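Notes follow once the structure below has been shown.
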Amino acid sequence: MTETDGFETQLDAYRDSVSRPLYRLFRAYGPGEKWWLLLGLVTSVLAYGTVLVTPIVLGTTIDAVFTGEGTYALPLVPRSSLPTDPTAQFWLSSAVVGAALLGGAVLQWARGVAMNYFAHGVMYTIRVDAYEKMQRLDMTFFDNKETGEVMSILNNDTNNLEVLFDNALGDSIRIGVIVVGVTAALLYTNAQLALVTLGAVPLLVGFTWWFTRVIEPRYTRQRETIGDLNTRIENGLSGIELVKTTSTEEYENERVRGVSRDVFDAEMDVLKLSYCYRPGMELVTGAALLATFVLGGLWVFSGPPLFLSGELTTGDFVVFMLLTQRLTGPMAQLANIVDWYQNAKASGKRICGLMDVPVRIEDTPNAIALDDVDGRLEYDDVTFGYDSGGGDAAATETVLDGVDIEVQPGETVAIVGPTGAGKSTVAKLLLRLYDVSDGAIRVDGHDVRDVRLADLRSSIGYVSQDTFLFDGTIAENIRYGRFDADREDVVEAAEAAEAHGFIQGLSEGYDTRVGERGVKLSGGQRQRVAIARTVLQDPEILLLDEATSAVDTETEYLIQRSLDRLAADRTTLVIAHRLSTVKDADTIVVLDDGRVVERGTHEDLLAADGLYADLWGVQAGEIESLPEEFLAGASDRSADAPR
Ligand SMILES: Nc1ncnc2c1ncn2[C@@H]1O[C@H](COP(=O)(O)OP(=O)(O)OP(=O)(O)O)[C@@H](O)[C@H]1O
């Protein structure tokens with residue numbers, strides 16, 4: 001397996017099955033900005049139409065005023081209204097060319113503004129929609145390490161669309177207008193010479209068609225490698241403390257170097273081909289210009305060469321050369337458009353791929369509102385296994401097997417057991433971070449899958465072992481989720497969580513910034529801020545997952561005191577390693593390898609002399625008196641733990 005194979009995820013499968021991504025995005029998001037698009041299109045056509053004015057006016061003026069080979073005529077203007085005096089014709093032509101240049105500049109500005117409003121408006125909505133979609137995805141999606149990939153879609157890929165919706169769309173219109181206008185003008189001026197000039201067009205189209213076919217997979221690969229690089233960098237940054245403490249900087253550098261090298265190779269693959277395409281297009285269009293110059297020049301000098309017949313005036317020849325030049329530039333730019341289009345298509349596929357990942361955990365159409373929660377919890381024969389994200393159900397290992405737990409309103413039930421037994425999984429299923437594979441979890445008699453997700457989650461206060469704080473002030477973190485709470489409520493919650501004391505000791509009190517993920521606070525302080533947040537939330541059900549892990553005994557005592565106060569009149573499900581913290585629970589459920597092996601009060605379980613009594617023995621330091629089988633089992637369990 002190569003480094004990047006490790007990132008193969010469910011997102012890739014959805015991306016690969018996307019068809020016509022740009023059309024789809026345009027259909028979905030274009031109408032919202034349709035007036036800008038319309039204004040952009042109209043001003044584009046007019047702006048690029050002015051480009052044709054100069055050569056045509058100059059050509060007719062040379063023939064009528066200087067060489068006398070033709071009559072003075074301006075397109076779309078009746079002859080009778082044009083002056084007959086050559087000096088007047090000369091000044092009128094100059095004025096028309098000047099007006100066309102000025103009008104062209106103003107129209108170009110209007111075109112740029114309108115097209116950018118369109119492009120950025122579409123990108124804004126796509127980015128916001130993609131972010132909202134990402135928030136609705138279930139935890140399985142995030143477990144499969146797709147953060148960097150998703151960031152790359154939200155940033156790089158959406159930005160890539162700008163080039164398509166602004167530059168590529170604008171240039172396509174320009175090329176369309178110029179090609180149609182110039183072709184008509186050339187055919188009108190001299191159809192025979194026009195065929196020589198336009199002979200390059202089928203060659204250019206064929207060459208472009210070949211290019212689009214060979215470059216597409218290279219662009220897809222390029223975008224994938226950028227996603228991989230983002231994922232790798234994101235991982236390295238989140239784990240920076242581990243990297244430093246294990247002195248693995250060089251190892252991490254090497255990994256980033258490897259993925260960067262993939263990006264480099266993928267980009268070079270694209271560029272090598274682009275650089276062969278561009279000069280190829282320029283060669284063909286240059287050859288058409290040269291052929292027009294040689295044949296047209298000979299024609300003016302010494303009459304029609306080769307198969308050509310009739311007359312070519314100097315003015316017509318000048319018109320031809322000026323128009324052909326106007327034609328060859330944009331035709332060679334087809335290369336850019338194809339390039340932008342392919343690049344944007346690869347990005348569009350990734351955006352649509354994200355949009356297509358199904359939201360598996362969401363409200364059912366008739367979801368029940370949970371008002372006045374009593375807090376009765378029931379795990380009824382719950383079986384569950386984590387989805388590996390590869391879509392292979394057979395590869396899913398059972399983590400919980402037929403688990404039954406009941407908690408009456410106001411009761412405290414503790415879940416204990418060896419590491420990897422499935423305790424945290426029990427908590428996550430209640431919050432519907434995942435859905436059970438079999439059986440049901442009920443709150444007040446309602447299956448959690450039938451109630452409104454927001455109601456369910458706001459009725460549960462979850463304090464987990466790894467507390468997350470946002471970069472912001474302490475007050476903002478406590479208020480998170482109850483944004484209407486005032487300062488008094490915040491302070492009251494902090495007091496109840498035994499956090500007020502340490503907060504006051506900080507340089508800026510409640511306005512102290514906690515740093516990213518709360519790094520500027522100690523583990524125990526972070527934990528108490530999280531508890532204050534839960535106090536403020538005032539939930540009917542408390543879910544404490546090793547809330548006192550990683551703190552010293554004194555802090556544990558403080559936290560425990562605040563938790564006991566919080567739990568006093570609420571349904572509480574508490575997961576604990578330190579059995580001393582839960583020995584007063586109404587019921588203790590002992591899990592082992594995903595099954596409930598014992599349940600009862602602390603005294604009952606000690607009397608039963610089973611796994612709980614053994615675990616208690618370990619924590620009381622009575623290792624010598626433990627049965628051999630338990631010690632052997634413990635070492636097996638910790639070997640098995642990270643599945
Ligand atoms: N997101 C996940 N994806 C896949 N497997 C997981 C995931 N989370 C946990 N597991 C696996 O599920 C099993 C139960 O994990 P869980 O965290 O519920 O155990 P636990 O009893 O809380 O352990 P500990 O006491 O060490 O926290 C473990 O084997 C673990 O490897």
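Just follow the structure's listing: the first ligand is 1, and inside any ligand the first atom is 1. Side chains included, hydrogens not; waters and symmetry mates left out as well; all remaining heavy atoms used. Everything numeric in this text was worked out from a predicted model, so none of it was measured.
- Atoms of ligand 1 found under 4.0 Å from any heavy atom of Thr425, numbered from 1 in the order shown, are 14 (C), 15 (O), 16 (P), 18 (O).
- Thr158 and Met123 get closest at one heavy-atom pair: O-CG, 3.5 Å.
- At a 4.0 Å heavy-atom cut-off, ligand 1 touches Tyr434 through the side chain alone.
- Of all the atoms in ligand 1, the ones that sit under 4.0 Å from a non-hydrogen atom of Lys423 are 18 (O), 19 (O), 20 (P), 21 (O), 22 (O), 23 (O), 24 (P), 25 (O).
- Annotation: Gly422 places an N or O atom under 3.5 Å from an N or O atom of ligand 1; distance criterion only.
- Considering backbone and side-chain atoms together, Lys428 places no N or O closer than 3.5 Å to any N or O of ligand 1.
- Phe384 and Tyr386 have perpendicular rings, their planes meeting at more than 60° on a 0 to 90° scale where under 30° would count as parallel.
- Relative ring orientation between Tyr510 and His500 is described as tilted, the plane-to-plane angle lying within the 30° to 60° band.
- A salt bridge links Arg24 and Asp356; the closest N-O separation between the charged side-chain nitrogens and carboxylate oxygens is under 4.0 Å.
- A side chain to side chain contact (heavy atoms under 4.5 Å, CB included) with Leu377 is found for one member of Thr572, Thr571, Ile405 and no other, namely Thr571.
- With atom 14 (C) of ligand 1 as the reference point, the heavy atom nearest to it among Val426, Ile415, Val416, Val399 is part of Val399.
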